[in-house]
Structure formats: C-alpha cells, structure tokens
Amino acid sequence: MKLHSIRLKMMLMLLSSIGITAALLIILYSLSTLILSIPAINSPLAWLINNIGSEPVMMLTGIILFFASYYMTTRWFVIDLQKIQIGLQEITAGRFDSKIELKTQDELGSVASSINHMTEQLNAYLEEITHGLREIAKGNFDTEIPVYSGSQLGEVAESINQMSRQLHQSILEERYAEKTKNDLITGVSHDLRTPLTSILGFLEVIEEDRYQDEVELRYYVNIAYEKAQNLKRLIDDLFEYTRINNGLPLDIRKIDMVRFIRQLIEESVPTLEKSGMECNLTAEEDLIIMADGAQLVRAYENLISNAIRYGESGKIIDITVRSDRDQVSISFTNYGDPIPERDLPFIFDRFYRVEGSRSKLTGGTGLGLAITKSIVEVQGGEIRVRSDERRTTFETRFPKVI
C-alpha cells in the first residue's frame, strides 16, 4: 500500500476519529461531576439518565462526537474534490489555461496532475490550430497544422489542412479562369479585328469608287468575301469551343473504333484527293470505346485536316488503331514539316499557331486543336503529340470496353 494513498489516509482518518471520540468521552466522563453541578445542564441530563440510562446516553454522545470528528478530519478531502470540480467546470467552459492546484501526492493529486497535463496539451494544440487558422486567414495557404493521429483534434486539424488546400486550389483555379478569360478576350479581339479591318478597308475602297474597272472591283469583293469567310470560321470555332467547355451534353454510346475510323476516312477521300494525299489504316479488330460519336467525328476531322494542311509534302497519312492494355490508341501520323520542339507544349492552346504569327495564310483559326483536346478530354480520353524530323503523330487514348 502506498504511503500517500487515499485508502491509507481514510483508514488514518477513521482511526483518528475513533481516537478523538474516545478521548472526548473519557474527558466528559471525568468532568461529569463538574458538568452535573451546572444547574442548566443538571436537570435535562439527570432526566435522560434516569429515563434512558447512562450507557445509551454515553453511546449516543459517542456517535455524535464520532461523526463530528470524522467530518472535521475529512474536510481536506472534500476541499480537494471541490477544487477538482471547479477546475473541470472551468475546462468545460472552454478555459483550458486554468489549473487545478493540489499539493497532495495521493490519487486525487495524480488525477489533478493528469487533468492539468491534459489541458496543457489541449491548450497548446488549440494554440497551434488557432495560429494555423490565422495564417490561412492571411492568405498563407501553404501553412500546415500539425496532425496528431489518434485524436479528434487531429482529425479537426487534418480537415482544416484539407480545407486550406482545397481553398487554395479553388483560388488558383479562379485566378487561372480569370486569366484564361482575359487571354480569350484578347485573342478573340485580335483575331476578329484583323479580318474585320481588312473587310472594312476593301469596302471603303468600293464605297468611295477607288477602283479602276469591274475586274479590280471583283478582286476587292473576292478578298472581302474570303476575309468574311475566315471571320465566320473563327466565330463558329469559338462558339464550338465555348460550347464544349461549358458542359456540352453528350450522347455516350459504344463505338467500334475500326468501323468508325474507316467511315471517317471514306468521308475524307475528296479532301485527300484534292490535296494529292492518301490515307492508310492499320487496325486491330473489335476495339470498342464509350464516346459521343458526333463529337468524336469533329475531333478527328480536325486531326485529319491538320495532317493534310501541314503534311501535304509527305503525301501520306497513316492512321493506327490498336489496343494497349486497358486502352484503345488511335494515332494520326503525317510526314510533313516537323513541329518545333519549343512549340510542342503549347500546341493545344487556344489561338496558338506554330507559324509564330497570327497570319491566316498558312494557319487556321488557332482553335482546331484546342477544340479537339476539349472533345477528347471531356469524354474521359487523353491526347498527346510527338514530332521529329521524319513524322508528326497525334495520338488519342480512350478506356477500352471489354
């Protein structure tokens, strides 16, 4: 048994109470003659002794004295319990910096010490969480609150960290969206203004009769018409791009990619013959994907048009449909001029042209590949490009339906 245990102290308090009671009874018995000589006490005490008996009176007096002494000797125990109760009430009220001051080394002292240690740790962790929240509120989203596993506060800290990361990501996405919108407005403004300025210039020449004859008039009209056609293509492509990126409803169905590509090649034959090119297909049979066929046609038409425009000198377009583990790979390869390595990372950006200028003489609207990328990715696919001195390959991949 521990020297400072509550059991030992309770036993000592009990023995002390018995000893005090016995001592007081002996003293009272010794002073009984003197007490009976007091007139105010003599009569009632004599009556009790005569009617009840001296022994019952002594027993009753002993019981009263025992409880009184026991109450006095255990008073410190009650005071310590009250201190613990007050401390717990402070903690319940959220004042974690409060301490329970107990000097005893018994179990109650251990309980108080454990509570104080718990509140110190809790208060320190809450201060760390509070500091982290203040930093996050200042915009320092890279602040990480320490996470202590096995603790509900640790779960709170982890939730705050996750919230901070998501908030940071949302802000970055919002900034990127704002920048994208501004870039889009800038690009559209430039690409609309260029042909529009030319159209207005030629119409002004016609309006002011600054042409020599009807031949020159028709020349100006044809140029204005071509510029207007370019402007219409740009507006159509821009509308298509924004429609896809704003959540175009998709009609997802199973598509046999070999049959799909064969039909696409057949529809492209007139354009290929006009450019003096031919298309070869290498394919594995029974490769099925889930996609919107109408949108996929638009994406692959862009890739074929791109191969014709920039690979005309190579005279051949090779299309390969093959299985690669759990994916279906569709590749479009032309043998024209390569794409410079510095341009490859930006080839799918809006209004980006490899020519290094915004001229429409060799390039399109600058939206074709951006539209293709959006169509492929919105249907769960991916697209990439490789280019070297011999060939340029655009490859799309979709999950294979087994």
Show your working on side chain to side chain contact (heavy atoms under 4.5 Å, CB included) between I265 and I319 and close with a plain yes or no.
-> CA-CA 9 Å; I265 292 172; I319 301 178; 3.9 Å; yes
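- In summary, the side chains of T119 and K99 do not present any donor paired with an acceptor at a separation below 3.5 Å, with no hydrogens or angles considered.
- Side chain of Q327 to backbone of S323: no donor-acceptor contact under 3.5 angstrom is found.
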Mind running salt bridge (Lys or Arg N to Asp or Glu O under 4.0 Å) on E216 and R210 for me, showing each step along the way?
-> CA-CA 10 Å; E216 189 174 10; R210 287 190 281 133; over 6 Å; no
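- Once rounded to the nearest 0.5 Å, the distance linking CD of E301 with CD1 of I375 reads 9.5 Å.
- Salt-bridge annotation for E127 and R134: absent, with no side-chain N of the basic residue lying under 4.0 Å from a carboxylate O of the acidic one.
- Of the N and O atoms on the side chains of T320 and S331, not one donor lies less than 3.5 Å from an acceptor on the other residue.
- The pair E377-K373 meets the salt-bridge criterion, since a charged nitrogen lies less than 4.0 angstrom from a carboxylate oxygen.
- Between E267 and R262, no side-chain nitrogen of the basic residue sits less than 4.0 Å from a carboxylate oxygen of the acidic one, so the salt-bridge criterion is not met.
- One distance of note links OG of S198 with CG of L200; it measures 9.0 Å at 0.5 Å rounding.
- The distance from the CG atom of L303 to the CD1 atom of I383 is 5.0 Å, given to the nearest 0.5 Å.
- Every residue meeting the side chain to side chain donor-acceptor pair (under 3.5 Å) condition with Y148, not counting sequence neighbours, appears here in chain and number order: E128.
- Remark: the backbone N or O of N140 is paired with a side-chain donor or acceptor of T143 at under 3.5 angstrom.
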Take E158 and Q162 through the test side-chain hydrogen bond (donor to acceptor under 3.5 Å, both in side chains) and record every step on the way to the result.
-> CA-CA 6 Å; E158 177 58 32; Q162 187 176 358; over 6 Å; no
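- In Q89, the CD atom is crowded: over 12 heavy atoms of neighbouring residues, nucleotides or ligands sit closer than 6.0 Å.
- Classification of K138 and E135 as a salt-bridged pair holds, one side-chain N sitting under 4.0 Å from a carboxylate O.
- Ion pairing of R384 with E382 is present here, as a side-chain N (NZ or NE/NH1/NH2) and a carboxylate O approach within less than 4.0 Å.
- Neither side chain, D324 nor S329, offers a donor N or O lying under 3.5 Å from an acceptor on the other.
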Determine, step by step, whether H168 and L172 satisfy the side chain to side chain contact (heavy atoms under 4.5 Å, CB included) criterion, reporting the C-alpha distance in whole Å, the side-chain angles of both residues, the deciding distance to 0.1 Å, and the verdict.
-> CA-CA 6 Å; H168 190 205; L172 290 178; 3.9 Å; yes
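- Between the side chains of Y125 and Q121, no donor N or O sits under 3.5 Å from an acceptor N or O.
- Between the side chain of D292 and the main chain of D251, a donor-acceptor pair closer than 3.5 Å is present.
- For the atom pair R322 CZ and L287 CG, the distance stands at 10.5 Å (nearest 0.5 Å).
- Atom NZ of K232 sits in a sparse spot, with 12 or fewer heavy atoms from other residues, nucleotides or ligands closer than 6.0 Å.
- For the atom pair NZ of K400 and CG of D286, the computed distance is 10.5 Å after rounding to the nearest 0.5 Å.
- Of all the heavy atoms in I199 and A224, the pair that sits closest is CG1-O, 3.7 Å.
- Nearest heavy-atom pair, G336 versus N334, reported as atom, atom and distance to 0.1 Å: N-OD1, 3.2 Å.
- Within 6.0 Å of CZ in R165 there are more than 12 heavy atoms belonging to other residues, nucleotides or ligands.
- Heavy atoms from other residues, nucleotides or ligands lying under 6.0 Å from CE of M163 number more than 12.
- Formation of a donor-acceptor pair under 3.5 Å by the S387 side chain with backbone atoms of T392 is not found in this model.
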Taking it one step at a time, do V385 and T393 satisfy side chain to side chain contact (heavy atoms under 4.5 Å, CB included)?
-> CA-CA 6 Å; V385 60; T393 300; over 6 Å; no
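- Using a distance-only test at 3.5 Å, with no hydrogens or angles considered, no donor-acceptor pair links the side chain of S164 to the main chain of I160.
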Step by step, would you call T21 with I63 a side chain to side chain contact (heavy atoms under 4.5 Å, CB included)?
-> CA-CA 8 Å; T21 302; I63 291 171; over 6 Å; no
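- Identified under the ring pair (Phe, Tyr, Trp, His ring centres under 6.0 Å) test for residues 259-307, with sequence neighbours left out: Y300-F332.
- With salt bridges taken as basic N to acidic carboxylate O contacts below 4.0 Å, one links E395 and R397.
- No side-chain donor-acceptor contact under 3.5 Å links N306 to the backbone of N302.
- The CG atom of D256 lies 4.0 Å from the CD1 atom of I288; values are rounded to the nearest 0.5 Å.
- Using a distance-only test at 3.5 Å, with no hydrogens or angles considered, a donor-acceptor pair links the side chain of D388 to the main chain of R391.
- Smallest separation of non-hydrogen atoms from L133 and I145: N-CD1, 4.4 Å.
- Around atom CD of Q152, no more than 12 heavy atoms belonging to other residues, nucleotides or ligands sit under 6.0 Å away.
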